[in-house]
K.L.:
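Let me give you the structure first, and then I'll get to my questions.
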Amino acid sequence: MVIFSVYVVNKAGGLIYQYDNYVPKTDVEKTFSHPLDLVLKHHDEKVVVSFGQRDGIKVGHALLSINGVDVLGKNTADGKDILEYLKDPANYPVSIRFGRARLSSNEKLMLASMFHS
């Protein structure tokens with residue numbers, strides 16, 4: 001039996017401690033040419049696939065890196081918006097890594113409060 005997460009919740013329902021032992025293994029990296037055949041959108045401070053599945057990339061997967069450089073929420077490492085970066089044909093071919101995003105701290109709080117009730 002495997003334990004993926006540990007949550008310690010106080011009597012009032014507040015999250016005291018949380019530990020994730022989950023390492024996502026569903027990362028998929030592909031090289032794309034212009035135009036991108038996936039539809040991406042901003043969702044909860046992340047860029048996710050909203051339409052189009054292929055080669056292990058599924059709807060709901062988050063964009064994790066572009067050309068080997070990790071993304072920071074909705075922006076690239078140099079501060080450019082990811083969707084604007086991917087609209088420019090001069091940036092292609094581009095290697096993009098997709099996978100399941102980690103839970104944000106707000107999502108962890110909501111999950112812990114579900115256990116309390």
Side-chain angles (χ1 to χ4, degrees):
M1 184 164 94
V2 178
I3 297 174
F4 291 105
S5 297
V6 175
Y7 294 92
V8 177
V9 181
N10 65 11
K11 290 181 182 180
L15 181 63
I16 296 173
Y17 178 77
Q18 177 272 325
Y19 176 74
D20 278 330
N21 191 27
Y22 172 71
V23 178
K25 297 178 183 175
T26 59
D27 291 356
V28 177
E29 187 162 358
K30 299 293 286 180
T31 301
F32 294 93
S33 60
H34 188 61
L36 195 63
D37 57 350
L38 299 169
V39 177
L40 303 174
K41 70 174 185 174
H42 292 292
H43 180 70
D44 290 340
E45 298 298 321
K46 295 176 268 204
V47 176
V48 297
V49 177
S50 65
F51 182 79
Q53 298 188 120
R54 64 173 267 202
D55 302 326
I57 301 168
K58 299 182 179 173
V59 172
H61 275 188
L63 194 140
L64 302 176
S65 70
I66 296 177
N67 294 331
V69 179
D70 290 340
V71 298
L72 307 169
K74 298 184 208 179
N75 299 323
T76 60
D78 57 352
K80 294 180 184 174
D81 184 70
I82 293 170
L83 297 180
E84 294 298 322
Y85 179 85
L86 294 175
K87 285 180 184 176
D88 186 6
N91 295 324
Y92 286 86
V94 65
S95 177
I96 304 174
R97 185 168 53 100
F98 294 93
R100 294 186 61 192
R102 291 202 173 265
L103 293 175
S104 68
S105 57
N106 189 37
E107 292 167 332
K108 290 175 185 176
L109 286 169
M110 289 188 304
L111 184 61
S113 66
M114 284 192 287
F115 293 131
H116 182 264
S117 58

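Atom set for the values below is all heavy atoms of this structure, side chains included, hydrogens, waters and symmetry mates excluded.
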K.L.:
If you take all heavy atoms of Asp27 and Gly99, which pair is closest and at what distance?
P.N.:
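In terms of heavy atoms, the two residues are closest at OD1-CA, 3.8 Å.
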K.L.:
Grab the two heavy atoms, one from Asp81 and one from Lys74, that are nearest each other, plus how far apart they are.
P.N.:
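Taking Asp81 first and Lys74 second, the nearest heavy atoms are OD1-O, 3.6 Å.
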K.L.:
Could you walk me through whether Leu86 and Val94 pass side-chain contact (heavy atoms from CB on, under 4.5 Å), step by step?
P.N.:
CA-CA 8 Å; Leu86 294 175; Val94 65; 4.3 Å; yes
K.L.:
CD1/Ile57 to CD/Glu29 distance, rounded to the nearest 0.5 angstrom?
P.N.:
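Answer for the CD1-CD pair, Ile57 versus Glu29, is 10.0 Å.
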K.L.:
Looking only at heavy atoms, which two atoms of Arg54 and Asp37 are closest? And how far apart?
P.N.:
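What the structure gives for the nearest pair is NH1-OD2, 2.6 Å.
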K.L.:
Are Val47 and Val69 connected into the same hydrophobic cluster when the rule is that any two of I, L, V, M, F, W, Y join if their side-chain heavy atoms are below 4.5 Å apart?
P.N.:
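No; Val47 is not reachable from Val69 via cluster members.
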K.L.:
Search all heavy atoms of Pro93 against all heavy atoms of Asn67 and return the closest pair with its distance.
P.N.:
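Closest approach of Pro93 to Asn67, heavy atoms only: O-OD1, 4.5 Å.
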K.L.:
Should Leu83 and Val71 be counted in the same cluster of Ile, Leu, Val, Met, Phe, Trp and Tyr side chains packed under 4.5 Å apart?
P.N.:
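Yes: a chain of side-chain contacts under 4.5 Å links Leu83 to Val71.
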K.L.:
Tell me the closest heavy-atom pair linking Gln53 and Leu38, and the distance in Å.
P.N.:
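So the two residues come closest at N-CD2, 4.4 Å.
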K.L.:
What distance do Leu63 atom CG and Asp70 atom CG have between them, rounded to the nearest 0.5 Å?
P.N.:
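Going from CG on Leu63 over to CG on Asp70, the span is 10.5 Å.
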K.L.:
Step through the shown structure and confirm whether more than 12 heavy atoms of other residues, nucleotides or ligands are within 6.0 Å of NZ on Lys46.
P.N.:
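Buried by this count: over 12 neighbours within 6.0 Å.
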K.L.:
To the nearest 0.5 Å, what is the distance between NE2 (His42) and CD1 (Ile82)?
P.N.:
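Between atom NE2 of His42 and atom CD1 of Ile82 there are 7.5 Å.
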K.L.:
Test ring-ring contact (aromatic ring centres under 6.0 Å, His included) on His61 and Phe98; report intermediate values, then the result.
P.N.:
CA-CA 6 Å; His61 275 188; Phe98 294 93; 7.5 Å; no
K.L.:
Should Tyr85 and Val48 be counted in the same cluster of Ile, Leu, Val, Met, Phe, Trp and Tyr side chains packed under 4.5 Å apart?
P.N.:
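Different clusters: Tyr85 never reaches Val48 through Ile, Leu, Val, Met, Phe, Trp or Tyr contacts under 4.5 Å.
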K.L.:
Decide if atom NE2 of His43 counts as having more than 12 heavy atoms of other residues, nucleotides or ligands within a radius under 6.0 Å.
P.N.:
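Check fails, neighbour count at 12 or below.
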K.L.:
When clusters are formed by joining ILVMFWY residues with side-chain heavy atoms under 4.5 Å apart, either directly or through shared neighbours, do Leu36 and Leu64 land in the same one?
P.N.:
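Looking at the clustering, Leu64 is in a separate group from Leu36.
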K.L.:
Starting at CD1 of Ile66, measure out to CZ of Phe32 and round the result to the nearest 0.5 Å.
P.N.:
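The distance works out to 11.0 Å.
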K.L.:
Hydrophobic clustering (ILVMFWY, side-chain heavy atoms < 4.5 Å, transitive) - are Ile96 and Val59 grouped together?
P.N.:
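They do not share one cluster, since no chain of ILVMFWY contacts under 4.5 Å joins Val59 to Ile96.
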K.L.:
After noting the C-alpha distance and the side-chain angles of Leu40 and Val49, does the key distance pass the side-chain contact (heavy atoms from CB on, under 4.5 Å) rule?
P.N.:
CA-CA 5 Å; Leu40 303 174; Val49 177; 3.8 Å; yes
K.L.:
Can you tell me how far apart NZ (Lys80) and CG (Asp88) are? Round to the nearest 0.5 Å.
P.N.:
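If we round to the nearest 0.5 Å, Lys80:NZ and Asp88:CG are 8.0 Å apart.
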